[in-house]
Engineer: 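Pasting a structure here, questions to come.
All figures in this text were calculated on a predicted structure; none of them were measured in a lab. Letters A, B, ... mirror the listed sequences (proteins, then strands); counts begin at 1.
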Amino acid sequence: MRLKRTCYCAELSKKNTQEKVVLAGWVESIRDHGSLIFIDLRDRSGIVQLVFDYQRSSSFFNQAEKLRPEYVLAVSGEVLMRSPETVNPAVNSGEIEVVVEDMEVFNASEVPPFYIQDGINTDENLRLRYRYLDLRRPEMQHMLEMRHKSMMTARSYLDKHGFWEIETPVLTRSTPEGARDYLVPSRTVSGSFFALPQSPQLFKQLLMVSGVEKYFQITRCFRDEDLRADRQPEFTQVDLEMSFCSRKDVMKTVEGFIYSLFNEVLKKEIELPFPVISYTEAMERFGTDRPDNRFGMEIKDISKIALQSEFKVFRNVVKNGGVVKGLNASGAGNFSRKELDDLTSLVQSWGTGGLAWMIVTEEGFKSPIAKFFTSGHLEEIRKEMEGEPGDLLLFVGDEWENTLIILGKLRLHVAQLLEIIEEKDSFLWVIDFPLVSFDKEESRYYSNHHPFTAPLESDLSLLEQDPLKARSLAYDLVYNGIEVAGGSIRIHKRDIQEKIFALLGITDEEAQEKFGFLLTAFQYGAPPHGGIAVGFDRLLMLMAGRASIRDVIPFPKTATGTCLLTGAPASVSREQLEELHISLVQKEINEKEGEEQFPVSDNAES
RNA sequence: GGAGCCGUGGUGUAACCAGGUUAACAUGCCGGCCUGUCAAGCCGGAGAGUGCGGGUUCAAAUCCCGUCGGCUCCGCCA
């Protein structure tokens, strides 16, 4: 390397006029005028225009003519002001240009398979296969920078607040409950497997017993479940745990972290503290445990009126212990019959009998079910629903939870149709979750969060009497209707932990076998503690306003959990399998033998 | 495990529903001209047989079946 860079392309401005600079980067575009060539040189800062003038650079002008997009080079030259009519205001460095006096071409490039530009509309297949080129695009570079800055913010914020960054094992043991584990076979212990962590949950609790008091880790987690647009099988958490804390302390810590993140990375000011609502209130008002509160259209109850009406469907629902609830799709009174029918089939596909609707008009109600209600009851409904002429009222009658869940989905769906969701950053906490739910099929209780989540002290007695009513000290942080963090205060007393295990049907032997090490640790003076994990990728996705989590992960997996860049997962040699004491079942061997070996696997870094 | 959408020169699309010329257009690529462009311009050229396999038909990018890959959703997963 003869030429050594002195600055980045986009840093240059008219302040640098007449300076001699050395730049290095990739050829973005070429405008060849014969004896005058313009080249936009790109590095991670942006672009600057290079000028090759036949008069001034005759010694290597023919070399410049051979440059092609994505060639890598360094140039030295002088920064000159452009004449006013040639200034390009669209580019940061558009007021100046660099007249090239020397050039060193480091490498040529194949013609890239897609444009190295923002906003390309290319098959994601290709982008993933050539991810290193995709990442060269400015918007992806910004993503990488934003990810880096967010990590630095997390580290400095948590460091400032007394948290220690401590690593926990990636090779650990499989634990019951939760997601499917990724397994890693042990070579030295035949027939045994490590599991990759779904989260460092048990280790961070052990660290509290160790007297660390405040721990954090920016850590990779693994869950072998099917993917979604906002879900990858390996993802990053900002994980933290603290001793001698209330849930308020944990929530304050996260609020402060989110605040600095927005402040330092996005240069945005967000309002603290975040609103807090209980799970029950979230369900009653929004029909979900992760409400999107960027718009209203809250769920209202008309069960009492329904019970008095002549509308049998609703009356019977309430008589049988169900509820009738609805929402006001304000301004949707002009929906066509077809649109209403579509909404009806939609809610039916979600699993309820149907959808009742009423359109409020100046003259009264337009609705197939209006005739079953007295004018007094209709007026009561209008009042309860805050219906104004032009509004569409939608009602579902079913059992409590189902009614709310369906109206919650409907609320989101209608809000999207009506385009009433404001673009803003809206956070809220959901607390007081039910500690356990009941699985009808397996006829047993299971933890909503995890088995170490502490119940509310006031609800301890409910554990035996009415477990489903017991609330937990768990908390979720919701950002624009998407869960971005979740945590809880943990149980640190053995008797309560035993009660929970009993409730979940985990026997002493099982408990001892699965996480005896934690229970033993707790016998040596476990402090009260709690923590939370922030879904880092998902948070970044929302902060960046992207619809896909893949857009904020440098090397993501496809919907089937494969990596198109490396070809992982791939088959391994018979010898490798033998060392691991693994044999494939015959069917799979037959399939594998038909396959080609993936070409890079021989020289892959390890 | 289930459902839907997509797959055509390097890239993005058209033709597909209602099978019938040499698979069209833009861009990119190659060559030529050109000293003020910045999506440079002008002229010329090359480049695909339609993801793969099978079927129907005189004839398949087009219809049918299967399969592979990508995306989205449900189940699953905090």
Engineer: With rounding to the closest Å, how many angstrom separate the P atoms on B:G44 and B:A26?
Structural biologist: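 Looking at atom P only, B:G44 and B:A26 are 13 Å apart.
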Engineer: Pick the C1' atom in B:C77 and in B:G10, then give their distance to the nearest Å.
Structural biologist: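 The same atom, C1', in both gives a distance of 39 Å.
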Engineer: Going by atom types alone, do A:Thr168 and A:Gln217 pair a side-chain donor with an acceptor below 3.5 Å?
Structural biologist: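 Checked: A:Thr168/A:Gln217 side chains pair up, N/O donor to acceptor below 3.5 Å.
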Engineer: Could you tell me if A:Asp239 and A:Thr219 have a donor-acceptor pair between their side chains, going purely by distance under 3.5 Å?
Structural biologist: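 No, because no side-chain N or O of A:Thr219 sits under 3.5 Å from a partner of the opposite role on A:Asp239.
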Engineer: So what's B:G7 paired with, Watson-Crick or G-U wobble, going by both distances under 3.5 Å?
Structural biologist: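 Paired with B:C68.
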Engineer: Which whole number of Å gives the distance between the P atom of B:A18 and that of B:A3?
Structural biologist: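 Their P atoms lie roughly 24 Å apart.
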Engineer: So A:Glu483, base contact, sugar-phosphate only, or nothing? Heavy-atom distance under 4.0 Å.
Structural biologist: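 Base contact.
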Engineer: Judged by modelled atom types alone, do A:Thr236 and A:Arg147 share a side-chain donor-acceptor pair under 3.5 Å?
Structural biologist: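 A pair is found: one side chain offers a donor N or O, the other an acceptor, under 3.5 Å apart.
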Engineer: Under a 4.0 Å threshold between the charged nitrogen and the carboxylate oxygen, would A:Glu483 count as salt-bridged to A:Arg290?
Structural biologist: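 No salt bridge links A:Arg290 with A:Glu483.
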Engineer: Paired with B:A24: which nucleotide, if any, by Watson-Crick or G-U wobble criteria at under 3.5 Å for both distances?
Structural biologist: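 Partner of B:A24: B:U13.
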Engineer: So what does A:Asn121 touch, heavy atoms closer than 4.0 Å: a base, only the sugar-phosphate, or nothing?
Structural biologist: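 Since only primed, P, OP1 and OP2 atoms lie under 4.0 Å of A:Asn121, the category is sugar-phosphate.
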Engineer: Base, sugar-phosphate or nothing for A:Asp123? Non-hydrogen atoms, less than 4.0 Å.
Structural biologist: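 Result for A:Asp123 = sugar-phosphate.
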Engineer: Pick the P atom in B:U50 and in B:A23, then give their distance to the nearest Å.
Structural biologist: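 After rounding to an integer number of Å, I get 11 Å for this pair.
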Engineer: Mind checking the C1' distance from B:C25 to B:U8? Whole angstroms is fine.
Structural biologist: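 Between the two C1' atoms, the distance is 13 Å.
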Engineer: Between A:Phe433 and A:Tyr279, how do the two ring planes meet: parallel, tilted or perpendicular, split at 30° and 60°?
Structural biologist: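 Rings of A:Phe433 and A:Tyr279: tilted, 30 to 60°.
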Engineer: Indicate, with a heavy-atom threshold strictly under 4.0 Å, whether A:Arg550 touches base, sugar-phosphate, or nothing.
Structural biologist: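 Contact class for A:Arg550: sugar-phosphate only.
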Engineer: Remember a base hit wins even if backbone is also touched, and classify A:Ser83 as base, sugar-phosphate or nothing at under 4.0 Å, heavy atoms.
Structural biologist: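 Nothing: the residue A:Ser83, judged by heavy atoms under 4.0 Å, touches no strand.
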Engineer: Now, which nucleotide makes the Watson-Crick or G-U wobble pair with B:C63, with each of the two distances under 3.5 Å?
Structural biologist: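 Base-paired to B:G55.
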Engineer: Roughly how many Å apart are B:G28 and B:C17, using the C1' atom of each and rounding to a whole number?
Structural biologist: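 One C1' to the other, the span is 32 Å.
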Engineer: Base, sugar-phosphate or nothing for A:Glu110? Non-hydrogen atoms, less than 4.0 Å.
Structural biologist: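 Nothing, no nucleic acid heavy atom in range.
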Engineer: If you assign A:Arg68 and A:Gln55 each to the RNA chain B nucleotide with the nearest heavy atom, which residue ends up on the more 5' nucleotide?
Structural biologist: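 Looking at RNA chain B, the more 5' nearest nucleotide goes with A:Arg68.
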Engineer: Looking across every strand, which nucleic acid part, if any, lies under 4.0 Å from A:Arg231 by heavy atom: base, sugar-phosphate, or nothing?
Structural biologist: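 The residue A:Arg231 makes base contact.
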Engineer: A:Asp53 near the nucleic acid: base, sugar-phosphate alone, or nothing, with a heavy-atom cut-off under 4.0 Å?
Structural biologist: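 Since a base atom lies under 4.0 Å of A:Asp53, the category is base.
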Engineer: Using the P atoms only, state how far B:G20 lies from B:A61, rounded to an integer number of Å.
Structural biologist: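 Rounded to whole Å, the distance is 9 Å.
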Engineer: Ignoring hydrogens and geometry beyond distance, is a side-chain donor-acceptor pair present between A:Thr280 and A:Ser278 at under 3.5 Å?
Structural biologist: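 The criterion, which ignores hydrogens and geometry beyond distance, is not satisfied for A:Ser278 and A:Thr280.
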Engineer: Give A:Thr562 one of three labels, base, sugar-phosphate or nothing, depending on what nucleic acid heavy atoms sit under 4.0 Å from its own.
Structural biologist: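 Result for A:Thr562 = sugar-phosphate.
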Engineer: Quick check: on RNA chain B, is the nucleotide nearest A:Asp289 upstream (toward 5') of the one nearest A:Thr86, or the reverse? Name the residue that is more 5'.
Structural biologist: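 Of the two residues, A:Thr86 wins.
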Engineer: Look at all strands and tell whether A:Arg290 reaches a base, only sugar-phosphate, or nothing, counting heavy atoms closer than 4.0 Å.
Structural biologist: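 No contact at all - A:Arg290 keeps every heavy atom at 4.0 Å or more from the nucleic acid.
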Engineer: When the ring planes of A:Phe452 and A:His450 are compared, do they come out parallel, tilted or perpendicular, using 30° and 60° as the limits?
Structural biologist: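 The arrangement is tilted - the two ring planes meet at 30° to 60°.
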Engineer: Is the shortest heavy-atom distance from the side chain of A:Met543 to the side chain of A:Val484 under 4.5 Å?
Structural biologist: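 A:Met543 does not reach A:Val484 side chain to side chain.
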Engineer: Could you tell me the Watson-Crick or G-U partner of B:C76, where both distances fall under 3.5 Å? Say none if there is no partner.
Structural biologist: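 B:C76 is unpaired by these criteria.
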Engineer: At a heavy-atom distance below 4.0 Å, which nucleotide of RNA chain B is the first touched by chain A, and which is the last?
Structural biologist: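 The protein-touched segment is B:G1 to B:A78.
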Engineer: Mind telling me if B:G49 is syn or anti? Syn here is a glycosidic angle within 90° of 0.
Structural biologist: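 In terms of base orientation relative to the sugar, B:G49 is syn.
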Engineer: Does the separation of the ring centres of A:Phe274 and A:Tyr479 fall below 6.0 angstrom?
Structural biologist: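 For A:Phe274 and A:Tyr479, the ring centres are not under 6.0 Å apart.
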Engineer: By the 4.0 Å heavy-atom rule, please label A:Phe38 as base, sugar-phosphate, or nothing.
Structural biologist: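 Here A:Phe38 touches the bases of the nucleic acid.
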Engineer: Within the 4.0 Å heavy-atom criterion, would you say A:Gly535 contacts the bases, only the backbone, or no part of the nucleic acid?
Structural biologist: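 The residue A:Gly535 makes no contact with any strand.
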Engineer: Using a cut-off of 4.0 Å on non-hydrogen atoms, how would the nucleic acid contact of A:Ile37 be classed: base, sugar-phosphate, or nothing?
Structural biologist: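 Since no nucleic acid heavy atom lies under 4.0 Å of A:Ile37, the category is nothing.
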Engineer: Could you tell me how far B:C68 sits from B:A78 if I compare only their C1' atoms? Round to whole Å.
Structural biologist: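 Each nucleotide's C1' atom is 33 Å from the other's.
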